Amino acid sequence: MTTTAYLDHAASTPMRPEAVAAMLPFLTDHPGNPSGSHGAARTAKTALEEAREAVAGVLGAAPDEVYFTGGGTEADNLAIKGGARAARRVEPALGGVVTTAFEHKGVLAAAHRLESEGFRVAEAGITAEGLVDLDDLAAQLDATTALVSVMTVNNEVGSIQPLDAIAALVRDHAPHARLHTDAVQAVPWVDVAEVTNGFDLVAISGHKFGGPKGVGVLVARGDVKIDAEIEGGGQERGLRAGTVNVAGVVALAAALSITHERRAEEMARIVTLRNRLRDGLLATIPATFVNGAPEHTTAGHLHLGFRGVESEALLVMLDQRGLNAAAGSSCSSGATEISHVLAAMGMSRADATASIRLSLGYASTDADVELALAEIPRAVEQLRAAVAA
């Protein structure tokens, strides 16, 4: 049996056993729809609301500020489009949306969709360290800004954004704006309740921290108004129609609670693994570089490049050798397009296309790191030799 090292936790994590155990009864034994009134429905409803309370407790929200969605992208879309539309409906002069150049595409696409409705959309720049350029962000804000969206942790390079400074900046320059953060990548690494305290709208997704795919959360704090994106029923207090995925929600709540409880001990172990992996690769592979500033990066992210190597070829070779990783670039119409994140950071095309992301999580082991330290140098040497031949 081929040994496999899974180093793509930033894309999706293995489900925690506790989340699977919480989920199974609602896949097998409890068929009720939580919108119904009979006993089976009440069982589902009770589980749904208990999960809501658990999520609210971890995220620093009241239960009635928690809305379950079909994932992080849906939560982002609901926050950005619903928040901006509601803001302009209440105050017609509010027509600006400000985000950053290296947000997840779920945020950028949602923001630019609003341009067809007459909103002005601006993207603040990014520093070479992978942080929002605060001066540029301030320059994009004014009294007509309806919504501002800045992610908590970048999904590719793992840079943790200074949300306190961003919130203060927005309150000073755009006092009427709703503040949204995509915290999808943040849950394993920061206390989301603490770092997003100044934000009105917070999105997370279950599969990034040991929960199931296809279920997420939007926190809408206080009296912030949002227009529904999905209509047709009164579920989630009228904000998100459709039968709620009770099994998924229960599993998400279990995974979120465990992740929160174990964060400190798991981070200490993971950062040790990550640093051993980073230092080993830097020591054994010439012309290797790390992207982003280590002091601003999560414990689980390692984004690095190998000059003279195409990341796509490297990833194919590593996959064949049992190592799962990812790159910021993707193939489109036969041409390699560099990651918009790396481009926003000012990286050259050559360095961007030579870069890959190795991401660790709660399930990462010493064996994963050992396999990576054995196979990545061999693969890089082989690809460089092929180019030189």
Side-chain angles (χ1 to χ4, degrees), residues 4-30 44 46-61 66 68-75 152-153 155 158 182-194 202-219 244-274 298-302 324-326 357-369:
T4 300
Y6 184 74
L7 294 177
D8 201 16
H9 285 76
S12 192
T13 56
M15 278 190 69
R16 290 181 182 268
E18 298 88 347
V20 174
M23 187 179 199
L24 279 175
F26 294 92
L27 295 175
T28 57
D29 301 328
H30 303 302
T46 297
L48 175 63
E49 296 311 320
E50 288 176 348
R52 196 185 309 277
E53 290 178 6
V55 170
V58 174
L59 299 183
V66 171
F68 293 113
T69 70
T73 296
E74 185 191 330
T152 308
V153 171
N155 53 304
D182 175 346
V184 166
Q185 201 67 221
V187 171
W189 316 118
V190 302
D191 184 335
V192 173
E194 180 180 344
V202 181
I204 68 169
S205 186
H207 72 112
K208 302 295 188 177
F209 49 84
K213 300 175 181 69
V215 60
V217 171
L218 177 64
V219 170
V244 179
N245 176 5
V246 177
V249 162
V250 168
L252 178 149
L256 182 64
S257 296
I258 292 166
T259 300
H260 183 65
E261 292 166 4
R262 299 178 184 171
R263 184 180 295 113
E265 63 184 83
E266 289 185 343
M267 280 180 56
R269 185 181 66 82
I270 293 165
V271 77
T272 299
L273 291 175
R274 193 274 312 274
T298 76
H301 280 77
L302 177 58
N324 305 146
R357 181 187 68 189
L358 304 172
S359 53
L360 295 80
Y362 85 92
S364 296
T365 65
D366 289 330
D368 294 335
V369 171

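This structure is a prediction, so every number in the text was calculated from the model and none was measured. Along the sequence shown, the residues carry numbers beginning at 1.
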Asker: Cation-pi between R262 and Y362: NZ/CZ under 6.0 Å from ring centre and within 45° of the ring axis?
Answerer: no
Asker: With the side chain counted from C-beta on, respond yes when P212 and M15 share a heavy-atom pair under 4.5 Å apart, and no when they do not.
Answerer: yes
Asker: If every non-hydrogen atom of H207 is compared with every non-hydrogen atom of S12, which pair is closest and at what distance?
Answerer: ND1-OG, 2.9 Å
Asker: Give me the atom names and distance for the closest heavy-atom approach of V215 to G248.
Answerer: CG1-O, 3.7 Å
Asker: Do L7 and D368 come within less than 4.5 Å of each other through their side chains, counting heavy atoms only?
Answerer: yes
Asker: Using the test side chain to side chain contact (heavy atoms under 4.5 Å, CB included), find all partners of E261 that sit at least two apart in sequence or belong to another chain.
Answerer: S257
Asker: How far apart are the closest heavy atoms of S364 and L273, and which atoms are they?
Answerer: O-CD1, 3.8 Å
Asker: Is any side-chain heavy atom of V184 closer than 4.5 Å to one of N155?
Answerer: no
Asker: With heavy-atom distances below 4.5 Å as the criterion, would you say the side chains of T259 and R16 are in contact?
Answerer: yes
Asker: Can you confirm whether S205 sits close enough to K213 that some side-chain heavy atom of one is under 4.5 Å from a side-chain heavy atom of the other?
Answerer: no
Asker: Give the C-alpha distance, both sets of side-chain angles, the deciding distance and a yes or no for side chain to side chain contact (heavy atoms under 4.5 Å, CB included) between L256 and V187.
Answerer: CA-CA 8 Å; L256 182 64; V187 171; 3.6 Å; yes
Asker: With no hydrogens and no angle check, is any side-chain donor or acceptor of R274 less than 3.5 Å from a backbone partner on T298?
Answerer: yes
Asker: Just wondering, do H260 and D191 contact through their side chains at under 4.5 Å, heavy atoms?
Answerer: yes
Asker: Using every non-hydrogen atom in the two residues, find where A251 and M23 come nearest and quote the distance to one decimal.
Answerer: CB-CB, 3.7 Å
Asker: Could you tell me whether E266 and R269 make a salt bridge, using a distance below 4.0 angstrom between a side-chain N and a carboxylate O?
Answerer: no
Asker: Going by side chain to side chain contact (heavy atoms under 4.5 Å, CB included), L59 matches just one of I204, V66, V202. Which one?
Answerer: I204
Asker: Closest heavy-atom contact between I258 and E18?
Answerer: CD1-CB, 3.1 Å
Asker: Fit a plane to each ring of H30 and F26, take the angle between them on a 0 to 90° scale, and name the class: parallel (under 30°), tilted (30 to 60°) or perpendicular (over 60°).
Answerer: tilted
